[in-house]
Amino acid sequence: MKISFLAGASPIVASTADSVAFFHGALGVSFADPDGEYPATDALDGVKHFGLWNLREAAQSCFGTDEWPSERIKPQACFEFDVESAGAVATAAEELAAKGYELLAPVRTEPWGQVVARLQTPEGLLVGVTFTPWMHDDE
């Protein structure tokens, strides 16, 4: 697997409003839709995407349920590492599974077009191996 870049970083938040108050109010991060379900920006130097991801939405993405499973560590953040192609996500998922890492959901294409495989670190962070077409210069 060859990681191309860090596609995104997202704190996983219990209260979107409280987190917007901190990240925008205290740190000055501007979000495209600060009052929406998923406040995010693609205009923060150093990372292609930064968003505040609600735990309910993370549970939906990983498990198809509104609740994070009680037997798993609740994640505090998600980092998405982009690979060079959509097919490389499936290859990376196979490599990770062969090394004993548990995928939280099968490789799939999200409604917004990103191909993703997700797993959790021993510390509980969510990690996505992704292909985000619009973030690649040659797309």
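Note that the numbering runs from 1 along the sequence shown for the chain.
Taking each heavy atom of Met135 and Ala7 in turn, the nearest pair found is CE-O, 3.6 Å. Considering all non-hydrogen atoms of both residues, Ala9 and Val47 come closest at N-CG2, 4.0 Å. Taking every heavy atom of both residues into account, Gly113 and Trp134 meet most closely at C-CZ3, 4.3 Å. The two residues Arg118 and Cys62 make their nearest non-hydrogen contact at CD-SG, 3.6 Å. Residue Tyr38 comes nearest to Ser10 through the heavy atom pair OH-OG, 3.4 Å, listed as atom of the first residue, atom of the second, then distance. The two atoms that bring Val83 and Ala88 nearest to each other are CG2-CB, 3.6 Å, heavy atoms only.
The shortest distance between side-chain heavy atoms of Asp33 and Pro39 does not fall below 4.5 Å. Between Leu55 and Val13 the shortest side-chain heavy-atom distance does not fall below 4.5 Å. Side-chain contact between Leu52 and Phe31: present, with at least one pair of heavy atoms (C-beta onward) separated by less than 4.5 Å. Side-chain contact between Glu123 and Ile73 is absent, with no heavy atoms from C-beta onward closer than 4.5 Å. Taking the side chain as every heavy atom from C-beta outward, His136 and Phe131 approach each other to under 4.5 Å. In this structure, the side chains of Trp53 and Leu126 come closer than 4.5 Å at one or more pairs of heavy atoms.
One side chain, Trp112 or Gln114, offers a donor N or O that lies under 3.5 Å from an acceptor on the other. Remark: the Asp82 side chain and the Thr132 side chain contain an N/O donor-acceptor pair separated by less than 3.5 Å. With hydrogens and angles left out, the side-chain atoms of Asn54 and Glu37 include no donor and acceptor closer than 3.5 Å.
Under the 4.5 Å side-chain heavy-atom criterion for grouping Ile, Leu, Val, Met, Phe, Trp and Tyr, Phe81 is connected to Phe50 within one hydrophobic cluster. Under the 4.5 Å side-chain heavy-atom criterion for Ile, Leu, Val, Met, Phe, Trp and Tyr, Leu6 and Met1 are members of the same hydrophobic cluster. A continuous path of ILVMFWY side-chain contacts below 4.5 Å connects Leu44 to Phe79, so both sit in one hydrophobic cluster.
Ionic pairing of Lys99 and Glu94 is not present here: no N-O contact between side-chain nitrogen and carboxylate oxygen is shorter than 4.0 angstrom.
A distance of 9.0 Å separates CG of Leu119 from CD of Glu102, quoted to the nearest 0.5 Å. In this structure, the separation between CD on Glu57 and SG on Cys78 is 13.0 Å, given to the nearest 0.5 Å.
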> Arg56 and Glu67: salt bridge (Lys or Arg N to Asp or Glu O under 4.0 Å), yes or no, with the steps?
Replying inline: CA-CA 6 Å; Arg56 179 182 45 79; Glu67 298 291 325; over 6 Å; no
> Can Val107 and Val115 be said to form a side chain to side chain contact (heavy atoms under 4.5 Å, CB included), step by step?
Replying inline: CA-CA 7 Å; Val107 175; Val115 179; 3.9 Å; yes
>> Walk me through whether Val129 and Leu96 qualify under side chain to side chain contact (heavy atoms under 4.5 Å, CB included).
In response: CA-CA 10 Å; Val129 176; Leu96 291 162; 4.0 Å; yes
> Can you check side chain to side chain contact (heavy atoms under 4.5 Å, CB included) on Arg72 and Leu104, steps first, answer last?
Replying inline: CA-CA 11 Å; Arg72 295 195 83 74; Leu104 300 181; 3.2 Å; yes
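Aromatic rings of Phe5 and His49 (six-membered ring for Trp) have centroids beyond the 6.0 Å cut-off, not under it.
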Hey, can you pull the donor-acceptor pairs under 3.5 Å for the side chains in residues 14-28, sequence neighbours left out?
residue : atom : partner : partner atom : Å
Ser15   : OG   : Asp18   : N            : 3.1
Ser15   : OG   : Asp18   : OD2          : 3.3
Ser19   : OG   : Ser15   : O            : 3.2
His24   : ND1  : Val29   : O            : 2.8

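For Tyr101, the OH atom is loosely surrounded, since the number of other residues' heavy atoms within 6.0 Å does not exceed 12.
Put simply, the side chain of Gln120 never gets that close to the backbone of Val127: no donor and acceptor are under 3.5 Å apart.
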